[in-house]
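Heads up: the structure comes next, in structure tokens.
Worth knowing before you read on, the calculation uses all heavy atoms, side chains too, and leaves out hydrogens, waters and symmetry mates. These numbers were taken from a predicted model, which means no experiment stands behind them. The sequence lines fix the lettering, A, B, ..., with proteins before strands; numbering per chain opens at 1.
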Amino acid sequence: KNPDVAHALHLGKLCFFVLFKMSIKPFRTDLLIYSIYANSPILFNFLCLMSTLNKIWTNLLLEEKTVSSPNWHSRARRYESELQSCGLEVAPVEFSDYHPLKSITVTDSKSRRGARKGSTSSSSSSSSSVAPDPLSSMLDGTDPLSMFAAASATTCTISSRREKEDEVGVDFEPWSSKRGEILARFTTTEKLSINLFMGSEKGKAPSLASSAVSEKVRTRLEELDDLEEGSQRELLNLSQQDYVNRIEELNQSLKEAWASDQKVKALKIVIQCSKLLSDTAVIQFYPSKFVLITDILDTFGRLVYERIWSMCSDPRPLPDSFTADEVNDTAKETCLNWFFKIASIRELIPRLYVEVALLKCNRFLTKCGIQETVPRLTAMIRGIGDPLVAVYARAYLCRIGMEVAPHLKDSLNKNFFDLLGTFRQIHGDSVQNQLVLQRVEIPVYLTLYSPAIHWILQCVSYRAPEALLTEMMERCKKLGNNALLLNSVMWAFRAEFIATRATDFIGMIKDCDEAGFPQHLLFGSLGRSLACADPPEAERLPILNEAWKVITKVRSPQDYINCAEIWVEFTCRHFTKREVNTVLSDIIKHMTPDRAFEDAYPQLQSVIRKILTYFHDFSVLFSMERFLPFMDMFQKDSVRVGVCLSIMDVFIKHQQEPTRDPVILNALLHVCKTMHDSVNALTLEDEKRSLALLINGFIRMVSFGRDFEQQLSFCVEARATFCNLEPVLVQLIHTVNQLAMETRRVMRGSHSRKTAAFVRACAAYSFITIPSLTSIFSRLNLYLLSGQVALANQCLSQADAFLKAAVSVLPEVPRSISIEGKLRSSEGFLLDFINNFLSALLVVPDHPEAGVLFLVRGLLNMVQDYTWEDNSDAKVHVYISALPLLAAMSQESYLYSIPKVDSNETLYGGDPKFLAEINKLCETLIGQVLDHLKTLGRDESVHRQGSLAFSLFGCLLAHGDLRNNKLNQLAVNLWNLSHKQGYCNTRTSVRTLEFIKHQAQQPDMAHLSDMLHRLTLQSRT
Amino acid sequence: MSASLDIRLKRANKVYHEGEVLAGVVAIVSKEAVQHQGITLTMEGIVNLQLSSKSVGVFEAFYNSVKPIQLITSNIEVVKQGKVPGGKTEIPFEFPLHTKGNKVLYETYHGVFVNIQYTLRCDMKRSLLAKDLSKTCEFMVHCLPQKAKLQPTPVDFTITPETLQNVRERSLLPKFLIRGHLDATNCVITKPLTGELVVESSDVAIKSIELQLVRVETCAETGFICEEHTSPACQGPMKVSICPLQSGQDHGCAEGYARDATEIQNIQIAEGDVCHSLPIPIYMVFPRLFTCPTLETINFKVEFEVNVVIVLHDEHLITENFPLKLCRA
């Protein structure tokens, strides 16, 4: 279903297909042509891959063609009978056993696998007669990768279902995800202060009783203590970043103190830190402060828990689900000590926070310790007068409670009800006075509550029964000015719950006091819920109308877009393009004045993303009047390109059918042009690649059906538009080549005058486009490919031109090329290309005005003149691999041919002059090789000499007529030369001898058995 | 060459009761063999009394320290003169905790004027050339649980400007009404003190509400404690004071004995202007060592009280006092 996966799989299969083909039979040129027939643009991408496989191909040719020697005579071949005898040896490959992805499909269902097996085995059994198409057999049924994905998805759901009801599952949004959000949202530019009393508390109220030591002495002692601890530091005028750094320092010193066994100091740090939470100066920063300090508390709680846990790990570690009975006395005593120490902390807020942080340690003492402690702590929070401090304390308790004892739902609920009980405090005098003092607006102040209340409600509503949620909502309703609560309810409760009551919620939102919590935030929250769950069908339109009525009145563009962005999803989900169009025009209306859109790019981008998620039909999408004007708001280059990228991404993923719709084409061409125009000198290679990939995807999806001319003119236009992206040009050339082959298919191989002219136009297109490419190897490969296509379309002079161009480009190949940023020798690629080229030359007829075999000669001349790497045998390798070609050319009927194109076999009809020409050429080549072997013998490189000699021997054996004495003698000499130094692979030699023995049994091959006696196998010793 | 001496008791919490056996090991760790002239163990239980300088004057307080009362003492020689081999040597020991005569083992208590402490000391006597080694280790004694079943004695209280004593300017007082209750004033020492407090109304914002645990220690020179000054437990609020900040200390100082009240700990139960008419829990854990069951002997008395302290934003301080009777159950 997912086009991305399907695409990748397709490529993967192709690889296997190619390898599979290679493994059973000689790879044929017409496979390339087949790929064009197959009308699969992806196959084109594999041409490069194929060219690397050509080495194998040429080696296979070696075995099948005949050649002659100083007195060269090619061996006469009967390709058909040879193919049959080879075909019989092919072991039928059981696909399901051999496929490397198979092991993944263990989870496969029985019936499916059976079906697959059936289809593949039937095709492989028939492989000897008709060439099977493994591609098609692999395409039917579910492919292994997506089956794997499906299997893992099901196991996921099963495992999550398996979890106990009372435990926290994956669907519970963890605190860690909220953390960053809070830190980013609640910031301040005001100066902060940290007040730490590390020593004894000086600020405490004068003690009501006196001690035996006199006051004076005592203060002195205290001062001493203070000096020791470096204590009571008051840090004023800190910027927010300084503050965060200080807190982090404290966190570090806590860890250090703990590590150096200063447990008391660690406790003091934690107490002082949590004391900071009672300070509400710079109130806008409070939520972030809470996050920072609870991090320290978490660290502390973990340290204590781990320490006590490690005390019980002797003799063996406690299991995770231990009970208090398994804990030894020392650990219990230590734990008890901690609790006594905490219980004597003077101030309420530090005592509360530290006790909550150590909640988990109650497990060491008693079975139901946590159960008893949580309600007590819940009640204790009532003592906190400041409502903001209290609500965050509750949030922390809920958080730890959910972690440690998720089954204690009652305390969570109690927390929430207590919160409701103290809700009126928010509007109390002391809070108001504080706000006036700090010059904070009420709406801003109220939003400070949101993270904590969201969290509490999230904990409460997690897997809570419907009835409880209803009750909670009723309770919220009863309170005056409940916008804050309402907001959190909509955030935290299940989206389905909200969605079914959406109309009620709208009513409640309208009733809210405008002066308190901003209404657009409320609608934002509602929209968020409605984006995940569907309200009843009939209510949808009224809901949208009501909501949008409010949203459109929001004055501040920033507030407006934040809210509108959320509602776009709801609109896209349930309505047609008409409504979405209206929404878009409203957004444009709001965002255009004063260029407000400049500050809202992220939201606008998200609007586009949401629309793209729901509208996959691009004809609908682009027929929306306001869509393109909306796009025009993205005026910053980087953002616009980002939007274009996402549009193209969706297009490629979701466009199933090729299209010719002028609206889509125009719009997308515009989008692609935007992407293309963003390329400049500073663009990274990766970026270019991804842009090119998207544009290529678009080009592949353009099809004018039978209107080939229009397709070609589209390609012309595209070439003009995308001239800076090389991969796109390559794709265009492939597209045009495909177009030519498609025309050939439609005309069943015989062109009319009109189509002939058209395919020539195609060839011309390729011919003038290729030189603009900078990559030398894509130029070479494309020349070859286009030449083959031209040949297949009977455009002989065009084909000649392409091949000649390829030959003339050869000398330009640099000796090293950069691949993925690394400099590599180009030799291997060049050899591959030449082999590929040679095999294509078999079917290219000689030009009547040029000499015999002018292309082969031209190529060999180029090879001769090319500046090869010093000390390289590459040139000789080319010569050796040219021998099989020449041998194949001297056959009466060729191994392969192109329909309606007369190859040299028909042109010359086995003319002895032609054969003599070939033989002469062969002799020259062998002479060159032998010369080279001699130079190697002089040098110290006998190893290379041996292997070269052996490959020439192999070539002679396969292609030469060894009945000729000279040739026979040469072969024996080469064998001996290659074995002289003992560097050759004994296994290969043994197998070669076996092959000769086998060959010798055939008629006309008796001479081989004589030769066999003269070939001696040298052992290494 | 250094040898170290250590006493390790069998019980991790070091708590023992009368009649039980105090058991453990003396551990000697040394690289080489240690020559010594005998290792002895001394177990001792002592009550230390000190007179407050406030009640008797500095001079007297210095000289008139009351002689310590010995509750139990025992001495044994663990090892006779000889040599302890190198490495780790553990010598087990046992002391029965039995008193002589009609003496009672009072519970361990660390106070200001009264200290009840039990120690175990190990001495290793050595030749003139080497220093003697010594190690002291405290162990806790707990009273045996009370046999009689404890009846909870809840106390309700209401604080208004009218219920206050010790008021200087009643007319300047803000209006307030605070109600609450303690679940019991006779508390089991291992269980927390619990109750609830409700601020029904208050004209002035509340700054803080605290629980102050106070010990009242009384020392006498010889068996003389004033009859009419016995602890009036459970008689309801005893004294309430307000403004200016005044210590709740009370020198009930008749001739021959000293009575001092000092703070043990102060626990805040509310901070800031708490929500009105919402019950706030009163909860305090009795600290170990610094509290013991209420004790009354011929020579000294240890009693406990709790003050509920309400600090108003205008620095008014309202205190309500509750005597407690602690016991072990």
Side-chain angles (χ1 to χ4, degrees), chain A residues 201 204-214 275 278 280 311 328-334 336-337 339-352 375-390 393 418-419 421-426 428-431 433-434, chain B residues 10-14 50-54 58 61 112-113 192 194 196-197 205-210 212-215 245-250 260-281 283-290 307 309 311 313 317 319:
Chain A
E201 296 162 36
K204 69 179 176 186
S207 58
L208 301 189
S210 68
S211 64
V213 199
S214 75
K275 215 188 254 178
S278 59
T280 54
M311 290 173 87
N328 65 36
D329 282 349
T330 327
K332 267 186 183 158
E333 187 60 25
T334 314
L336 210 59
N337 232 332
F339 282 120
F340 270 109
K341 248 177 227 165
I342 294 163
S344 66
I345 297 175
R346 198 186 96 84
E347 280 168 309
L348 174 65
I349 289 167
R351 188 169 68 243
L352 179 76
R376 180 170 63 73
L377 293 172
T378 305
M380 204 162 132
I381 298 178
R382 291 176 169 191
I384 302 178
D386 190 304
L388 188 67
V389 178
D418 268 3
L419 169 70
T422 56
F423 205 69
R424 57 179 187 273
Q425 287 276 95
I426 294 177
D429 288 340
S430 41
V431 170
N433 293 340
Q434 202 186 0
Chain B
K10 241 182 198 164
R11 290 189 191 168
N13 58 7
K14 300 184 183 175
Q50 188 168 23
L51 293 178
S52 160
S53 61
K54 285 218 172 100
V58 183
V112 179
F113 304 108
T194 54
E196 265 184 352
L197 182 139
I206 287 165
K207 195 174 175 190
S208 174
I209 301 176
E210 285 155 27
Q212 188 184 38
L213 183 63
V214 173
R215 58 195 151 213
L245 288 177
Q246 192 194 24
S247 74
Q249 194 195 14
D250 165 38
D260 287 284
T262 49
E263 175 185 301
I264 302 173
Q265 67 175 14
N266 196 357
I267 297 288
Q268 191 184 32
I269 58 164
E271 172 169 317
D273 193 11
V274 285
C275 195
H276 291 183
S277 61
L278 186 78
I280 296 164
Y283 182 91
M284 180 166 69
V285 176
F286 293 110
R288 294 190 290 191
L289 297 181
F290 302 108
N307 290 325
V309 183
V311 188
H313 235 281
L317 191 88
T319 306

**Study point:** Nearest heavy atoms of B:Pro281 and A:Ala379, plus distance in Å
**Key:** CD-O, 3.2 Å
Review point. With only heavy atoms counted, which part of B:Pro279 is less than 4.5 Å from chain A, the side chain, the backbone, both or neither?
Key: both
Exercise for review: Nearest 0.5 Å please: distance from the CD atom of B:Gln265 over to the CD1 atom of A:Ile345.
Suggested key: 11.0 Å
Check your understanding: Taking the side chain as C-beta and beyond, is there a heavy-atom pair between A:Gln425 and B:Val274 under 4.5 Å?
Key -> no
Study note, to complete from the structure: Scanning both residues in full, the closest heavy-atom pair of B:Phe286 with A:Phe340 reads O-CE2, 3.5 Å
Check your understanding: Which value, rounded to the nearest 0.5 Å, describes the distance between A:Ser278 atom OG and B:Gln268 atom CD?
Key -> 8.5 Å
Review point. At their closest point, which heavy atom of B:Ile267 faces which heavy atom of A:Arg351, and how far apart are they?
Key: CG2-NH1, 3.1 Å
**Study point:** Proximal component of A:Asn328, with respect to chain B [non-hydrogen, under 4.5 Å]
**Key:** neither
Review point. At what distance, to the nearest 0.5 angstrom, does CD1 of B:Ile209 lie from CG of A:Leu348?
Key: 10.0 Å
Point to revise | Selection from B:Val285, B:Ile269, B:Ile280 maximising heavy-atom pairs under 4.5 Å formed with chain A | key: B:Ile269
Review point. Which atom names give the shortest non-hydrogen contact between B:Cys275 and A:Gly421, and what distance separates them?
Key: SG-O, 4.1 Å
**Study point:** Atom pair OG (A:Ser430) and CD1 (B:Ile206), whose distance is rounded to the nearest 0.5 Å
**Key:** 10.5 Å
Point to revise | Gap between atom CG of B:Asn266 and atom CD of A:Glu347 - 0.5 Å precision | key: 10.0 Å
Point to revise | Between CZ on residue B:Arg288 and NZ on residue A:Lys341, distance to nearest 0.5 Å | key: 9.5 Å
Review point. Can you name the nearest heavy-atom pair linking A:Glu333 to B:Asn13, along with the distance?
Key: OE1-CB, 2.9 Å
Exercise for review: Tell me, out of A:Asp386, A:Val389, A:Asn337, A:Asp418, who's got the most heavy-atom pairs with chain B below 4.5 Å.
Suggested key: A:Asn337
**Study point:** Test side-chain contact (heavy atoms from CB on, under 4.5 Å) applied to B:Tyr283 and A:Arg376, step by step
**Key:** CA-CA 9 Å; B:Tyr283 182 91; A:Arg376 180 170 63 73; 3.1 Å; yes
**Study point:** B:Glu271 versus chain A, the contacting section by heavy-atom distance below 4.5 Å
**Key:** both
